[in-house]
Number of protein chains: 2
Amino acid sequence: MSGGFILVVDDEPAICDMICTSLEMAGYQTRKAANGQIALQMIFNEQPDLAILDWMMPMMSGIELTTRIKRDPLTAEIPIILLTARSVEEDKIRGLEAGADDYVVKPFSPRELTARVKAVLRRSGKGNEDSNLTAGTMVLSPDEQVCRIDNETVSMGPKELKLLEFFMRHPNRVFSRGQLLDRVWGGNVYIDERTVDVHIRRLRKAITMNDHERMIQTVRGSGYRFSCDI
Amino acid sequence: MSGGFILVVDDEPAICDMICTSLEMAGYQTRKAANGQIALQMIFNEQPDLAILDWMMPMMSGIELTTRIKRDPLTAEIPIILLTARSVEEDKIRGLEAGADDYVVKPFSPRELTARVKAVLRRSGKGNEDSNLTAGTMVLSPDEQVCRIDNETVSMGPKELKLLEFFMRHPNRVFSRGQLLDRVWGGNVYIDERTVDVHIRRLRKAITMNDHERMIQTVRGSGYRFSCDI
DNA sequence: CGCAGGTGTCACAAAAATGTCACAATACAA
DNA sequence: TTGTATTGTGACATTTTTGTGACACCTGCG
């Protein structure tokens, strides 16, 4: 399943499609974005494992996009590959300075791109293995889709598991109900924000053992936060 | 959230709107003013992090406005970007002489403007980065919505946290109750100004440890000020 | 088709935050 | 020093936000 989730950003649909197709043939999951604005939002909402950005784009250049992604601690860890039109040393340097992890010079062969992708993913340790998330005596295994506390399997619905996984990936940080809807529910939904409350409630109920529900803290007026230390 | 609070001053509503829209898309908070008179008042009252002024305006030109803003110590620190119609060297010089921090020649692309805004804000140290705010042994993390003194979490209400955050972003500067209502409460409210006193009181009470409450100083007849050094 | 679990929504209960007031304390000017 | 204006403080009613249980609606499955 999770060979890796990759966001491809290019203003030329043809190129975008070509890249996506070859990546999908290589076993990756992909998503397209036509410009920087959309890309920024998708990166935020969907937390891809890797982003491939074209250097030259209207509105927002790949390098500016890179800068923004790397500036936000919430997305800074996402590896980035830049596509440059020419092989200019200066571009490479500016790209790497902005925080890109690799760059590919256009035109390139699909095989070359997937090779780079594989390399970057391996390097950044985000490869296939979703290593287990742990907080104290609680362990969540995305692979097995299971959460254990003190080695006891905790039963909860899939949505609660997703929610918990998201929280464990971003501990100590407050998320508004809207952000959680975006990122756990998957964006383009219009759902009553109070629904989040209910799922928080269900999640808390599920992990009641040893007071673990106190890890899910509510921040009045702002949202919820996951705190590792109980 | 608080990517920065920007005042846009232009007598042409269309341009004003266009600028505001693109700034908002870039994550800034904006406010419009149609002429110099209004602008002057808003700058005074709301203490934006940056002001964008059109050069050519009826009543009061951008450069005159700049001069006035920079003359008043209460607003002198606010960075200013001027919009000039032509790329005339003389205009640039006059603008910078008056104290503007940057200038953009019309017509300009939204991207160019936001780039300048970003640059000016970064230069003046008021950037986007929600990095932690610190004053002595006190640290406020907007991400985590938490304030710590000597690594001890300080408990306070959300309004007090907002208030403290605002103060820490503008240290050593006096704010009237009205200004605080505008910026911390969010403007369009009609609330008794004395309410601010009560929240100041609550904030002080919250950070009493190690005399930190002395950082919030009252300036009789004017308002309150946050001083980094106790 | 009927069932079972998962989801979203609702109504009401509970809790926390907020704004206002009355009065005390303090600073400032005459 | 006295008087006046301004600010500090604690208490309280109101408003806002969140917790919680119940319920109806899907959706996949036997």
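The structure presented is a predicted model; accordingly, all values stated were derived computationally and were not measured.
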Using whole Å, report how far [atom1] of [X] lies from [atom2] of [N].
X      : N      : atom1 : atom2 : answer
A/R214 : D/dG19 : CZ    : C1'   : 17 Å
A/K205 : D/dT20 : NZ    : P     : 8 Å
A/D197 : D/dT20 : CG    : C1'   : 10 Å
A/Q217 : D/dG19 : CD    : P     : 12 Å
B/E213 : D/dG8  : CD    : C1'   : 13 Å
A/M156 : C/dG6  : CE    : P     : 12 Å
A/L161 : C/dG5  : CG    : P     : 18 Å
A/L181 : C/dT9  : CG    : C1'   : 13 Å

Would you call A/K32 and A/D10 a salt bridge, using N to O less than 4.0 angstrom?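 Looking at A/K32 and A/D10, the cut-off is not met.
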Which atom pair, heavy atoms only, marks the closest approach of B/G36 to B/L65?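 Closest approach of B/G36 to B/L65, heavy atoms only: O-CD1, 3.7 Å.
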Quick check against the 3.5 Å criterion: does B/D101 have a side-chain atom that pairs as donor or acceptor with the backbone of B/I81?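 Side chain of B/D101 to backbone of B/I81, a donor-acceptor pair under 3.5 Å: no, none is there.
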Quick one: does A/T137's side chain have a donor or acceptor within less than 3.5 Å of a partner on A/D150's backbone?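 Yes; at least one donor-acceptor contact below 3.5 Å.
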B/S/- along nucleotides 18-30 of chain C (protein heavy atoms under 4.0 Å) is BBBB----BBS--
With side-chain contact (heavy atoms from CB on, under 4.5 Å) as the criterion, how do B/L40 and B/I69 come out once you've worked through the C-alpha distance, each side chain's angles and the decisive distance to 0.1 Å? CA-CA 7 Å; B/L40 212 49; B/I69 292 166; 4.1 Å; yes
For the residue pair A/F175 and A/H170, categorise the inter-ring angle as parallel (less than 30°), tilted (30 to 60°) or perpendicular (more than 60°).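 A/F175 vs A/H170 ring planes: perpendicular.
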